[in-house]
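Taking it in order: structure first as structure tokens, then the write-up.
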Amino acid sequence: MANVLQTFKDRYLFEDMTSPDLEKLLDSPTTVYAGFDPTAESLQAGNFVTIMALAHLQRQGHKVIALVGGATGLIGDPSGKSKERNLLTSLTVERNLEGIKENLSRFLNFDPDSGNPAIMVNNYDWFKDLSFVDILRDVGRFFRMTQMLSKESVKKRLDSDEGMSFTEFCYQILQGYDFYHLYKEYGCRMQIGGTDQWGNITAGTDLVRKLAGVEVYGMTFPLVCDSNGNKFGKSEGNAVYLDADKTSYYDFYQFFMRTLDSDTVRYLKIFTFLSDERIDELAKCVESEPERREAQKVLAEELTRCVHGEKGFNIALKATEVLFGGSLEGLGAEDLEKIFSNVPSGTLNCDEVIGKPAFEVIAAAKMTNSKGDARRLVQQGGLSINNVKAAGLERKISTDDLIENRLMVLRSGKKKFFLLKVEG
RNA sequence: GGUAGGGUACCGAAGUGGCCAAACGGGGCAGACUGUAAAUCUGCUGUCUUCGACUUCCUUGGUUCGAAUCCAAGCCCUACCA
């Protein structure tokens with residue numbers, strides 16, 4: 001079995017580890033865990049790195065545990081956050097768990113009949129019965145104040161104007177205890193996470209050493225940023241979700257399609273299982289014919305297929321063809337509805353649309369946040385109706401603008417679509 | 001608990017009685033250019049019935065012809081001390 005650590009190093013998935021002995025440990029099947037925040041009912045592109053790391057581990061025969069922070073999510077991890085988070089209700093967390101498992105199953109094999117199924121656990125299950133006194137007595141005394149205070153996530157926050165509450169400060173105790181619990185229950189010996197998790201991971205390895213007298217390991221991978229230094233996984237300020245209801249097939253595909261040349265090869269290594277040879281080939285394409293964006297296409301295809309299946313990929317592809325082909329000529333309302341099925345949409349009554357100025361219509365349909373926004377968009381020539389520019393405040397909507405008398409494809413800027421359905 | 005400082009738009013940050021819908025920077029949105037790039041340049045960025053009107057500067061009251069600015073109480077944050 002090839003050592004997975006080498007794969008991580010080759011694929012930009014390795015930053016640091018708690019001890020070089022980890023390499024030896026990984027020569028034989030090991031149980032590994034990574035945590036996910038149940039802040040939303042769907043995972044985001046930002047979670048891809050963790051998912052891919054787990055997937056590599058599972059593929060190489062290791063046992064993987066996806067821990068969902070039902071309890072810790074109620075607290076909020078201060079790492080990398082400048083502000084205390086809004087607390088989640090346990091009901092929300094409960095609901096989010098299901099969605100997350102569904103997302104993960106696209107990458108990890110949870111099938112109990114397979115030889116090596118991944119498992120999913122919720123740390124609320126073991127925290128809910130522990131009392132404050134239990135934790136202080138059994139766990140808290142193994143945490144030393146100077147160590148806790150010296151963690152980067154704590155220091156940063158204490159130095160900021162925001163400060164930090166006791167609740168958040170205790171987060172590392174909970175995450176540390178997770179590791180101990182998983183060690184006891186499943187023999188888990190390794191935790192992985194982004195570099196921002198280093199402090200939390202070492203809290204766990206330290207605790208297990210003290211409580212069980214056993215060496216367990218942690219490994220971190222770099223946080224993915226694009227070449228401009230922006231955090232990976234945001235599009236137009238919104239997170240890219242794995243859930244098609246939150247991010248359409250088309251938007252998902254497009255997000256990867258728009259990857260910068262300088263990031264594409266790196267992303268291929270991180271986010272796909274393509275062979276090194278294939279990636280080298282694509283790297284040459286980026287070099288010699290960047291305008292064809294061959295590598296971006298492959299990246300987008302691989303991920304869309306994996307997350308949304310063949311069906312989702314085809315819809316994304318078709319939408320792309322149509323939308324960048326220019327005209328909507330020859331497409332019926334039904335085709336368009338299918339293509340734009342997860343694009344934001346609004347429904348208005350016929351008499352709210354026909355004969356009204358375009359800016360009023362898009363404001364009424366809630367395509368923009370306010371009428372002022374709508375006005376600006378139209379004035380600046382940012383609005384297209386059925387892929388034809390529609391500038392000027394005096395531009396009115398007529399029946400000719402409706403496709404089959406019931407549909408209008410609106411677009412602001414180059415890439416933000418909105419489907420307006422007209423009734424009556 | 002004490003002392004000092006502070007809470008301004010998405011964020012950072014000016015403004016300390018009228019010239020304030022509130023400088024400046026970042027972010028965001030849109031336009032030009034382009035490869036559905038990047039970089040650059042330009043416009044916009046509280047709401048509306050947009051030459052004008054209206055609602056805002058933590059909350060609630062007050063002073064004043066007039067308050068983001070002054071006063072009082074409250075809530076929250078930070079630093080030092082206990």
Side-chain angles (χ1 to χ4, degrees), chain A residues 78 80-86 149 154-169 225-231 234-240 248-267 282 285-301 304 316-327 339 343-344 356-364 366-385 387-395 410-418:
Chain A
K81 308 278 186 325
S82 56
K83 277 188 184 169
E84 178 143 358
R85 295 199 322 204
N86 297 327
L149 287 168
V154 175
K155 250 199 303 197
K156 245 206 207 124
R157 280 288 291 279
L158 288 177
D159 287 344
S160 79
D161 291 346
E162 284 286 331
M164 184 182 217
S165 72
F166 178 69
T167 305
E168 283 185 290
F169 178 61
C225 292
D226 69 20
S227 303
N228 297 335
N230 299 315
K231 221 170 162 186
K234 299 264 159 138
S235 162
E236 327 268 312
N238 299 315
V240 174
S248 71
Y249 301 135
Y250 169 75
D251 284 334
F252 186 89
Y253 180 81
Q254 283 294 319
F255 171 74
F256 290 99
M257 196 66 174
R258 287 187 207 113
T259 304
L260 301 176
D261 294 350
S262 49
D263 294 321
T264 308
V265 173
R266 187 163 51 101
Y267 284 7
L282 291 166
C285 278
V286 176
E287 194 74 25
S288 57
E289 303 175 282
E291 70 281 0
R292 285 185 55 213
R293 288 163 39 274
E294 198 58 39
Q296 279 93 335
K297 276 184 203 161
V298 174
L299 176 69
E301 175 179 343
T304 310
L317 204 59
K318 188 152 181 222
T320 300
E321 270 168 31
V322 168
L323 300 174
F324 289 96
S327 162
I339 289 171
V343 154
K356 302 278 185 202
F359 78 91
E360 280 187 17
V361 173
I362 63 174
K366 299 244 157 39
M367 177 176 169
T368 54
N369 288 328
S370 68
K371 202 168 267 190
D373 261 355
R375 196 181 290 266
R376 276 189 288 278
L377 186 67
V378 173
Q379 262 169 348
Q380 294 177 136
L383 178 74
S384 303
I385 298 173
N387 265 10
V388 179
K389 276 221 169 134
L393 286 182
E394 69 288 350
R395 173 68 158 93
L410 301 169
R411 185 177 49 150
S412 87
K414 284 178 188 146
K415 31 200 159 172
K416 260 184 7 211
F417 286 90
F418 187 92

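Protein chains get the first letters and strands the later ones, always in sequence-line order, with residue 1 at the start of each.
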Pair A:T304, A:F255 - check side-chain contact (heavy atoms from CB on, under 4.5 Å), show working.
CA-CA 10 Å; A:T304 310; A:F255 171 74; over 6 Å; no
For the side chain of A:R411 and the backbone of A:K416, is there at least one donor-acceptor N/O pair under 3.5 Å apart?
no
I'd like the C1' distance from B:G28 over to B:C10, given in whole Å.
8 Å
Using atom P in both nucleotides, what's the gap between B:C20 and B:G31 to the nearest angstrom?
32 Å
Look at all strands and tell whether A:G372 reaches a base, only sugar-phosphate, or nothing, counting heavy atoms closer than 4.0 Å.
base
Here the distance between atom P of B:A38 and atom CG of A:L260, to the nearest Å, is 7 Å
Output the rounded distance in Å from CZ (A:R375) to C1' (B:C48).
8 Å
Mapping A:E360 and A:R292 to their closest nucleotides on RNA chain B, which lands nearer the 5' end?
A:R292
State the pairing partner of B:U69; accept Watson-Crick or G-U wobble contacts with both distances under 3.5 Å, and report none otherwise.
none
For RNA chain B, whose closest nucleotide is more 5', that of A:G382 or that of A:N369?
A:G382
Given atom CG of A:D251 and atom P of B:U36, what is their separation to the nearest angstrom?
18 Å
With a 4.0 Å cut-off on heavy atoms, is A:Q379 in touch with a base, just the backbone sugar-phosphate, or nothing at all?
nothing
Looking at every non-hydrogen atom in both residues, tell me the closest pair between A:L323 and A:N387 and how far apart they are.
O-ND2, 3.6 Å
Is the shortest heavy-atom distance from the side chain of A:R293 to the side chain of A:M257 under 4.5 Å?
yes
Kindly indicate whether the side chain of A:L410, heavy atoms from C-beta on, has any atom under 4.5 Å from the side chain of A:V361.
no
Going by modelled atom types, is there a donor-acceptor pair between the base of B:U34 and the side chain of A:E291 at under 3.5 Å?
no
Taking B:G1 as the reference, what is the distance to B:A67 when you measure between their P atoms (whole Å, please)?
35 Å
Gap between atoms CD and P, on A:E287 and B:G35 respectively (whole Å)
18 Å
Is any side-chain N or O of A:Q380 under 3.5 Å from a base N or O of B:G31, one able to act as donor and the other as acceptor?
no
Please confirm whether the shortest side-chain N or O distance from A:K414 to OP1 or OP2 of B:A37 is below 4.0 Å.
yes
Between B:U42 and B:G26, how many Å separate the two P atoms, rounded to a whole number?
12 Å
Would you confirm whether the ring centroid of A:Y253 sits within less than 6.0 angstrom of the ring centroid of A:Y249?
no
Please name the nucleotide paired to B:G52 by Watson-Crick or G-U wobble geometry with both distances under 3.5 Å, or report none.
B:C48
May I have the distance from A:L410 (atom CG) to B:C29 (atom P), rounded to whole angstrom?
18 Å
With a 4.0 Å cutoff (strictly under), does any side-chain N or O of A:K389 reach OP1 or OP2 of B:A32?
yes
Of the listed nucleotides (B:U36, B:U50, B:A37), which one gets closest to any side-chain atom of A:D261?
B:A37
Determine whether A:F252 and A:V240 make a side-chain contact, defined as any pair of heavy atoms from C-beta on separated by less than 4.5 Å.
yes
Given the C1' atoms of B:U69 and B:A22, what is the spacing between them in whole Å?
12 Å
Kindly say if A:K371 contacts the phosphate of B:U49, meaning a side-chain N or O under 4.0 Å from OP1 or OP2.
yes
So, is A:R376 near the phosphate of B:G43, with a side-chain N or O under 4.0 Å from OP1 or OP2?
no
Expressed in angstrom and rounded to an integer, what is the separation of A:K156 atom NZ from B:U78 atom C1'?
19 Å
Euclidean distance, atom CG of residue A:L299 to atom P of B:A37 [Å, nearest integer]:
17 Å
Counting only Watson-Crick pairs (N1-N3 plus N6-O4 or O6-N4) and G-U wobbles (N1-O2, O6-N3), all under 3.5 Å, who is the partner of B:A32?
B:U40
Where do A:S248 and A:D251 come nearest, in terms of heavy atoms and distance?
OG-N, 3.0 Å
Output a table of nitrogen or oxygen pairs between the protein and nucleotides 79-82 of chain B separated by less than 3.5 Å.
unit_1	atom_1	unit_2	atom_2	d
B:A79	OP1	A:L158	O	3.3

Rounded to whole Å, CD of A:Q296 lies from P of B:U34 at a distance of 19 Å
Does B:G46 have OP1 or OP2 sitting under 4.0 Å from an N or O in the side chain of A:S370?
no
C1'-based separation of B:C24 from B:A9 [nearest Å]
14 Å
A:R258 CZ to A:Q254 CD distance, which is reported to the nearest 0.5 Å:
5.0 Å
Please determine, for B:A21, whether a Watson-Crick or G-U wobble partner exists with both distances under 3.5 Å, and give it or none.
none
Any strand counts, and the cut-off is 3.5 Å on both contacts for Watson-Crick or G-U wobble. Which nucleotide pairs with B:G1?
B:C81
Just to be sure I understand the rule, does A:S412 reach a base, reach only the sugar-phosphate, or reach nothing, if contact means heavy atoms closer than 4.0 Å?
sugar-phosphate
Side-chain contact test, heavy atoms from C-beta onward, threshold under 4.5 Å: evaluate it for A:F359 versus A:K371 and give yes or no.
yes
Please report the distance separating the P of B:A14 from the corresponding atom of B:U8, rounded so that it comes out in whole Å.
11 Å
Between B:A53 and B:G2, how far is it from one P atom to the other, in whole Å?
49 Å
